[in-house]
Amino acid sequence: MTKRRLTRRQRQVRRNRIILACAAAALLIIIIVIISVSMKGCSKSKNADKNGKSTTAKVEESTQTKENESTSEEVSSTDTNTDTSSAIMSGEVSSHASSNSSEFAPPVVPSGNTVSKGTTSKGFQIQEINGATYIDGVLIANKTYALPQDFIPTNPDQPVNADRSSTCLDKTLMSAWNTMLKDATAKGLNIYIASGYRSYNYQVNVYNRYVKSDGASVADTYSSRPGNSEHQTGLCFDLNTIEDSFQYTNEGKWVNDNCYKYGFCIRFPKGKDSATGYQYESWHLRYVGVDLATKLYNNGDWLSLEEYFGITSEYPN
């Protein structure tokens with residue numbers, strides 16, 4: 001079959017159509033390029049504006065932070081120059097703010113009629129001051145060394161005006177307690193003084209009640225006879241609850257591991273019944289000052305005062 005040849009006019013129309021199609025395609029491409037370039041330009045403008053704002057905000061934030069830090073340092077400096085001992089007394093100075101052991105110094109040894117009583121088996125000096133026994137300057141109240149019936153705390157934070165009180169404890173003890181309480185509270189722990197000072201007369205009732213309940217021989221393993229109770233010194237207290245379960249609580253564990261940092265010791269450590277004459281009491285803390293407390297802590301293996309000084313704790317009969 002022979003292909004029909006186009007006329008000149010038909011060929012011209014065909015060329016015109018091709019040219020128009022190419023022109024339209026070129027125009028479309030140009031329009032797309034223009035739109036694309038325009039959009040990129042807007043995007044860069046927005047990003048630049050955003051980055052500018054971000055940089056400004058960061059500069060402002062940094063400036064504000066530096067101003068706050070400067071203010072904080074000025075306040076800290078001012079606080080440091082304030083009467084530090086007053087701050088400690090009110091419990092405003094954390095133990096983490098200073099590691100100086102003088103914050104938790106030993107209790108004040110009273111003046112008065114002093115009689116030398118020789119030395120302990122470990123060479124520590126024994127003195128009797130106004131009828132009470134002090135070993136190396138530490139007041140001792142146990143089964144061997146009794147307190148006078150009329151003994152009251154010699155340096156109370158509040159005047160002794162009751163037979164039982166949690167406020168007329170020794171002044172240095174209360175200073176250390178306020179700091180320890182603040183630090184424990186900051187860790188979400190709830191510790192409180194359940195029983196503090198007890199007079200001789202109050203202990204008469206406490207001891208007799210236990211004797212009536214369990215008999216004298218059993219009562220002597222966990223309760224002191226009147227005059228032999230450390231509570232009469234005003235230098236100790238019972239925390240939270242007098243139950244063995246306290247040692248397993250978060251509070252009990254923290255106290256056991258940290259109380260020495262504030263000058264307190266576990267007065268009747270676990271497994272030391274033969275030395276102290278009493279059962280283990282995880283809740284009973286005695287204030288002795290941070291230096292002695294650290295020695296008694298003994299890297300976690302608590303020593304009793306009896307072991308450290310080389311003394312006994314035994315009733316004469």
Side-chain angles (χ1 to χ4, degrees), residues 85 88-91 93-95 98-110 124 129 132-142 145 147 151-158 160 164-184 191-199 224 228-240 242 246 251-252 254-269 272 276 278 281-298 302-309 311 313:
S85 61
I88 295 173
M89 285 296 295
S90 63
V93 176
S94 168
S95 65
S98 172
S99 59
N100 188 351
S101 62
S102 63
E103 285 187 41
F104 311 116
V108 177
V109 178
F124 292 98
I129 304 176
T133 301
Y134 291 79
I135 298 180
D136 198 36
V138 177
L139 178 59
I140 298 295
N142 66 9
Y145 302 98
L147 298 169
F151 181 93
I152 60 174
T154 56
N155 186 38
D157 187 56
Q158 298 292 330
V160 179
R164 184 175 187 271
S165 173
S166 295
T167 60
C168 65
L169 295 170
D170 183 82
K171 187 175 295 184
T172 52
L173 174 154
M174 290 302 293
S175 172
W177 160 249
N178 286 333
T179 305
M180 185 170 76
L181 175 62
K182 180 180 179 182
D183 288 350
I191 59 173
Y192 56 90
I193 296 177
S195 180
Y197 166 72
R198 301 176 195 164
S199 70
S224 301
N228 300 95
S229 173
E230 197 172 54
H231 283 277
Q232 191 180 342
T233 67
L235 289 168
C236 74
F237 51 70
D238 292 335
L239 286 173
N240 295 36
I242 54 173
F246 180 70
E251 286 77 7
W254 185 85
V255 167
N256 182 80
D257 296 336
N258 293 277
C259 69
Y260 75 94
K261 299 174 184 177
Y262 307 88
F264 293 97
C265 70
I266 301 296
R267 180 62 181 91
F268 308 118
K272 304 302 175 70
T276 64
Y278 296 101
E281 294 187 359
S282 60
W283 59 84
H284 183 112
L285 300 189
R286 164 69 192 270
Y287 185 75
V288 293
V290 72
D291 289 336
L292 178 54
T294 301
K295 294 173 183 176
L296 296 175
Y297 177 64
N298 192 33
W302 282 101
L303 295 173
S304 65
L305 286 175
E306 286 77 12
E307 291 173 297
Y308 180 80
F309 286 129
I311 59 176
S313 179

Fill in the blank from the handout: Tested for side chain to side chain donor-acceptor pair (under 3.5 Å) against Tyr262, the lone hit among Asp183, Thr179, Asn178 is Asp183
Practice task
For Asp238, enumerate each residue passing the side-chain hydrogen bond (donor to acceptor under 3.5 Å, both in side chains) test, keeping only those at least two apart in sequence or located in another chain.
Solution key: Arg198, His231, His284
Handout entry: Residue pair Ser304, Glu307: steps toward the side-chain hydrogen bond (donor to acceptor under 3.5 Å, both in side chains) verdict
Key = CA-CA 5 Å; Ser304 65; Glu307 291 173 297; 3.2 Å; yes
Handout entry: Shortest non-hydrogen separation from Gly137 to Val109 and the atoms involved
Key = O-CG2, 3.3 Å
Completion exercise
For Tyr297 and Asp257 the tightest heavy-atom approach is OH-O, 3.9 Å
Practice task
Using distance alone, with no hydrogens and no angle criterion, decide if Tyr278 and Ser224 have a side-chain donor and acceptor under 3.5 Å apart.
Solution key: yes
Fill in the blank from the handout: Residue set satisfying side-chain hydrogen bond (donor to acceptor under 3.5 Å, both in side chains) with Ser282, at least two apart, ordered chain then number -> none
Problem - Pairwise side-chain contact, Tyr287 with Pro107, heavy-atom cut-off 4.5 Å (strictly under) - result: yes
Exercise for the section: Locate the shortest heavy-atom distance separating Pro153 from Val160; write the atom from each residue and the value. Expected result: CD-CG2, 3.8 Å
Handout entry: Approximate separation, where rounding is to 0.5 Å, of Arg286 CZ and Leu305 CG
Key = 6.0 Å
Practice task
Report the distance from atom OG of Ser229 to atom OH of Tyr197, rounding to the nearest 0.5 Å.
Solution key: 10.0 Å
Practice task
Take Asp157 and Leu169 through the side-chain contact (heavy atoms from CB on, under 4.5 Å) test and state the conclusion after the steps.
Solution key: CA-CA 6 Å; Asp157 187 56; Leu169 295 170; 5.9 Å; no
Exercise for the section: Decide yes or no for Val255 and Phe264: does some side-chain heavy atom of the first lie under 4.5 Å from some side-chain heavy atom of the second? Expected result: no
Problem - Polar side chain donor-acceptor pair, Thr233 to Glu230, under 3.5 angstrom - result: no
Problem - Basic-acidic side-chain contact under 4.0 Å: Glu306, Arg267 - result: yes
Practice task
Apply side-chain contact (heavy atoms from CB on, under 4.5 Å) to Ile193 and Leu181, showing your working.
Solution key: CA-CA 10 Å; Ile193 296 177; Leu181 175 62; over 6 Å; no
Exercise for the section: Side-chain contact test, heavy atoms from C-beta onward, threshold under 4.5 Å: evaluate it for Glu281 versus Thr276 and give yes or no. Expected result: no
Handout entry: Derivation of the side-chain contact (heavy atoms from CB on, under 4.5 Å) call for Phe124 and Ile311
Key = CA-CA 10 Å; Phe124 292 98; Ile311 59 176; over 6 Å; no
Exercise for the section: Compare every heavy atom of Gly196 with every heavy atom of Phe237, then report the nearest pair and how far apart it is. Expected result: CB-CA, 4.1 Å
Handout entry: Gap separating the SG atom of Cys236 from the CG atom of Leu285, nearest 0.5 angstrom
Key = 9.0 Å
Problem - Leu296 side chain near Tyr260 side chain, heavy-atom distance below 4.5 Å - result: no
Problem - Heavy-atom side-chain contact between Pro156 and Met174 under 4.5 Å - result: no
Practice task
Any chance you could measure Leu139, atom CG, to Thr154, atom OG1, to the nearest 0.5 Å?
Solution key: 7.5 Å
Practice task
Taking Trp302 for its side chain and Lys272 for its backbone only, find out whether a donor-acceptor pair lies under 3.5 Å.
Solution key: no
Problem - Rounded distance [0.5 Å steps], CG in Leu147 versus CG in Asn142 - result: 9.5 Å
Handout entry: Residue list, side-chain hydrogen bond (donor to acceptor under 3.5 Å, both in side chains) with Ser313, at least two apart or on another chain
Key = none
Fill in the blank from the handout: Correct closest heavy-atom pair for Val288 and Ala293 would be CG2-N, 3.6 Å
Fill in the blank from the handout: Tightest non-hydrogen contact, residues Cys168 and Gln158, listed as CB-O, 3.1 Å
Handout entry: Distance in Å, Leu292 CG paired with Phe104 CZ, rounded so as to fall on 0.5 Å steps
Key = 15.0 Å
Handout entry: Pair Trp283-Asn240, side-chain contact (heavy atoms from CB on, under 4.5 Å): steps then yes or no
Key = CA-CA 7 Å; Trp283 59 84; Asn240 295 36; over 6 Å; no
Handout entry: Sub-4.5 Å side-chain heavy-atom contact between Pro106 and Asp291
Key = no
